[in-house]
Colleague: 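So that we are looking at the same thing, I have put the structure below in C-alpha cells.
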Number of protein chains: 2
Amino acid sequence: MERTNYEASNCSIARTLQVLGEKWTLLIIRESFYGATRFEQFHRVLQCPRNLLSERLVLLVEEGILERSQYREPGSRARMEYRLTDKGRELMHIMLAFMQWGDRHKADPEGPPVVARHAACGRELHVTFACSKGHIVTEPDDIDLVPGPGALPPVPA
Amino acid sequence: MERTNYEASNCSIARTLQVLGEKWTLLIIRESFYGATRFEQFHRVLQCPRNLLSERLVLLVEEGILERSQYREPGSRARMEYRLTDKGRELMHIMLAFMQWGDRHKADPEGPPVVARHAACGRELHVTFACSKGHIVTEPDDIDLVPGPGALPPVPA
DNA sequence: GCTCTAGGTTCAGATAGTTAACTCAGAATG
DNA sequence: CATTCTGAGTTAACTATCTGAACCTAGAGC
C-alpha cells in the first residue's frame, strides 16, 4: 500500500496528513469518537466504499490509532472490533477543531449535531490555546509562529 | 469543478473536510500561515502540481479563506497575492492541532520546525479545550460528546 | 440444507492527481 | 527593438485513487 508523499519540508502537519489526509480516514475516526466499533457500523453511517473502509481500518491499526480485537457476544460468533488507542484519542483536538470551524462557518440551520461538554461541569467546550503560564488564547493574532529547533531556511520572497 | 460528497450525516466535520480535505489544501493554508502570499512561493515550498495549486487557490478564494488581490512592487509589473481572511485565520486551531499531534507522534529527530508562542508572554502554546467557566481540559476522557440540536438518530448497534 | 448476517475481497469504470511542456505579458538586457 | 527572463498560470497525456456493485466465506438460526 503505497501512499502519497507530502514531504517537501520537515513538517508535522504534512506527516500527520500522510496518515489522516486520505479520503474517509478522518470520518472513520469521527465515528470512532461517536462510538462505532464494528465494520458494519462504520459502513452504515459513512456509506463509503467497503474496500476503502477495509483498507483504512488496516492502516489506522498499523498506525496505532485504532486497535483491532476479537470479541464474542453470547450466542453469537466471534467478531472484530476497532477501538481508539490513547494515540487515537489524542486526535480529539483535531476533531473538535474541525467541528468548531465547521459549526462556525458551515453550520446547518438545525444547529450542530454533536456538542462537546466538559464532563466535570457539563458546560460546552471550545478549542483554545493555552501557554505554560496558564494564559488562554483564542485570537489567532495573539499567536506567534517562530522557527523551532528543526527549522528550515525561510521561504525566499 | 465538482467536488466529492461526504454528506451521509449532518456533520460540521464532514462539511469542513469537503473544503479542506483535498490533497494539498491544508498545506497551502499552512504556507499562508507561514507567510507565503504568491503562487511561486507556494509552489517552491510545496512542490505540488501547478494546476492543482492553481485550482486550490481559486477554491480557497471562493470559500472566503484566502483573499486574492493585485499589488505592484515598484519597477515590477502587477502581481497577484493571496492572503488569509479572518475566516482563514480561524483555521489556526486546526493547523496547530495537526502540528501538536504530529510533533508528539511523528516527530523529526531534529525537533519541530515551527513552534507556536503566546505573543504577549513568549511562552509555548498548546491546543486545549476550555469551557465557559474557564476550566482548561486537556485529557480526552474529560470530554463528553453529546447530541446537539441538529442531532440524528444514534448509530444502531 | 438453506438462508441470513458480519466482515470482508475483487474488479471494471470514473474521478482526481501527476508530470512535463506550453503560453503570455511585462521587465530587463543588449 | 528583438531576445531573454520571470511570475503566474493552462493544457494534455498519463497514473493512481476512489466508486459501485457483485462476489465470497464462516457461523447462527430455521
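Quick caveat: nothing in here was measured; it's all calculated off a predicted structure. Residue numbering restarts at 1 for every chain, and letters A, B, ... go by the order of the sequence lines.
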Colleague: Mind calculating the distance between CD (A:E40) and C1' (C:dC4) to the nearest angstrom?
Modeller: 12 Å
Colleague: Grab the OH-C1' distance between A:Y71 and D:dG27 for me, whole Å please.
Modeller: 14 Å
Colleague: Ignoring hydrogens and angles, does a donor from either the side chain of A:N51 or the base of C:dG7 sit under 3.5 Å from an acceptor on the other?
Modeller: no
Colleague: What I want to find out is whether B:E63 reaches A:K106 closely enough, with some N-O distance under 4.0 Å, to be called a salt bridge.
Modeller: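 Salt bridge present between B:E63 and A:K106.
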Colleague: Tell me whether the OP1 or OP2 atom of C:dG8 has a side-chain N or O from A:R68 closer than 4.0 Å.
Modeller: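 It does, given that an N or O in the side chain of A:R68 lies less than 4.0 Å from OP1 or OP2 of C:dG8.
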Colleague: Please report the distance, rounded to the nearest Å, between CZ in B:R44 and P in D:dT6.
Modeller: 11 Å
Colleague: Rounding to a whole Å, what distance do you find between A:L46:CG and D:dC18:P?
Modeller: 15 Å
Colleague: Rounded to whole Å, how long is the line connecting atom CZ of A:R50 with atom P of D:dC18?
Modeller: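 Atom-to-atom, A:R50 to D:dC18, this comes out as 18 Å.
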Colleague: Looking at D:dG9, I'd like to know if its phosphate oxygens (OP1 or OP2) sit under 4.0 Å from a side-chain N or O belonging to B:Y82.
Modeller: yes
Colleague: Could you check whether the side chain of A:R38 and the base of C:dA6 have a donor-acceptor pair of N or O atoms closer than 3.5 Å, going by distance alone?
Modeller: no
Colleague: If the cut-off is 4.0 Å, is B:W24 near the phosphate of C:dA16, judged by side-chain N/O to OP1 or OP2?
Modeller: no
Colleague: Looking only at atom types and distance, does a side-chain atom of B:D108 sit under 3.5 Å from a main-chain N or O of B:E110, one as donor and one as acceptor?
Modeller: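 Confirmed, B:D108 side chain pairs with B:E110 backbone.
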Colleague: Output the single nucleotide from C:dG8, D:dG9, C:dA6 whose closest atom is nearest the side chain of B:M80.
Modeller: D:dG9
Colleague: Carefully, step by step, assess A:R50 and A:F39 under the rule side-chain contact (heavy atoms from CB on, under 4.5 Å).
Modeller: CA-CA 9 Å; A:R50 302 173 73 78; A:F39 190 94; 3.6 Å; yes
Colleague: Counting any heavy atom closer than 4.0 Å, what does B:R79 reach on the DNA or RNA strands: base, sugar-phosphate only, or nothing?
Modeller: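 Sugar-phosphate, no base atom in range.
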Colleague: When you measure from the side chain of B:P49, which nucleotide among D:dA28, C:dT18, D:dG7 comes out closest?
Modeller: C:dT18
Colleague: If each of A:L57 and B:A78 is mapped to the nucleotide of DNA chain C with the nearest heavy atom, which maps nearer the 5' terminus, i.e. the 5' end?
Modeller: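 The residue whose closest nucleotide sits nearer the 5' end is A:L57.
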Colleague: Specify the separation, in whole Å, of atom CG of A:L52 and atom P of D:dC18.
Modeller: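 Going from A:L52 (CG) to D:dC18 (P), I get 6 Å.
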Colleague: Can you tell me if A:K23 touches the phosphate of C:dT15, counting only side-chain N or O atoms and a distance under 4.0 Å to OP1 or OP2?
Modeller: no
Colleague: Are A:F129 and B:H93 near enough that their ring centres are under 6.0 Å apart?
Modeller: yes
Colleague: Give the nucleotide from the list D:dT6, D:dT19, C:dG7 with an atom nearest to the side chain of A:F39.
Modeller: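 Minimum distance to the A:F39 side chain belongs to C:dG7.
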Colleague: With a 4.0 Å cut-off on N to O distance, would you call A:R38 and A:E31 a salt bridge?
Modeller: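 Here A:R38 does not pair with A:E31 in a salt bridge, since their nearest N and O are not under 4.0 Å apart.
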Colleague: Going by modelled atom types, is there a donor-acceptor pair between the base of C:dA6 and the side chain of A:R77 at under 3.5 Å?
Modeller: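 Answer yes: a donor N or O sits under 3.5 Å from an acceptor.
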Colleague: Without decimals, in angstroms, what is the distance between A:Q41 CD and C:dT5 C1'?
Modeller: 14 Å
Colleague: So do A:L125 and B:D142 actually touch side chain to side chain, heavy atoms under 4.5 Å?
Modeller: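 No. Closest side-chain heavy atoms not under 4.5 Å.
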Colleague: Rounded to the nearest angstrom, tell me the gap between atom CG in A:L53 and atom C1' in C:dT10.
Modeller: 16 Å
Colleague: So, does B:S54 get its side chain near the phosphate of D:dA8, meaning an N or O under 4.0 Å from OP1 or OP2?
Modeller: no
